[in-house]
Amino acid sequence: MTAAAIGLFEAKTHLSELVARAERGEEVIITRHNKPVAKIVPMSATPARVAEDIPPFIQRTHDMGVPKMDLRQANQLLGDMDAEEFLKLQARLEVERQQGKS
């Protein structure tokens, strides 16, 4: 089954319809600025594998150390501002972080 994609604004205005579609077994992907950010799925859908299900050797290959910035905040900021503003903010935060170390 192919999941339908819908923009965030339209999803907000048609949430009841999207929930009804999920009840019928459909999946709907919600996008922000044409990038997938969430999925509405039926409750009977198989949940995604949790980290504990992944063998340790795979987990280690993806461990890149401590991120330089909280990526949850970065994703939220990207949704709220354009890329140029975000890059300026990231550079400013890096300078502040470096000044804090000295």
Exercise. Under 3.5 Å, is there a donor-acceptor pair between the Glu94 and Gln90 side chains?
Worked result: no
(Q) Let's go through Val95 and Arg92 carefully: what are the C-alpha distance in whole Å and the side-chain angles of both, what is the deciding distance for side-chain contact (heavy atoms from CB on, under 4.5 Å) to 0.1 Å, and is it a yes or a no? (A) CA-CA 5 Å; Val95 168; Arg92 182 178 58 86; 5.8 Å; no
Next on the checklist: Are Ile6 and Ile29 packed together at the side-chain level, in the sense that at least one heavy-atom pair is separated by less than 4.5 angstrom?
Outcome noted: no
Residues passing the side chain to side chain contact (heavy atoms under 4.5 Å, CB included) test with Lys88, sequence neighbours excluded, are Glu84
For residues 12-22, tabulate all N or O donor-acceptor pairs below 3.5 Å that involve a side-chain atom, not counting sequence neighbours.
unit_1: Thr13; atom_1: OG1; unit_2: Phe9; atom_2: O; d: 3.4
unit_1: Thr13; atom_1: OG1; unit_2: Glu10; atom_2: O; d: 2.9
unit_1: Arg21; atom_1: NE; unit_2: Glu26; atom_2: OE1; d: 3.1
unit_1: Arg21; atom_1: NH2; unit_2: Glu26; atom_2: OE1; d: 3.4

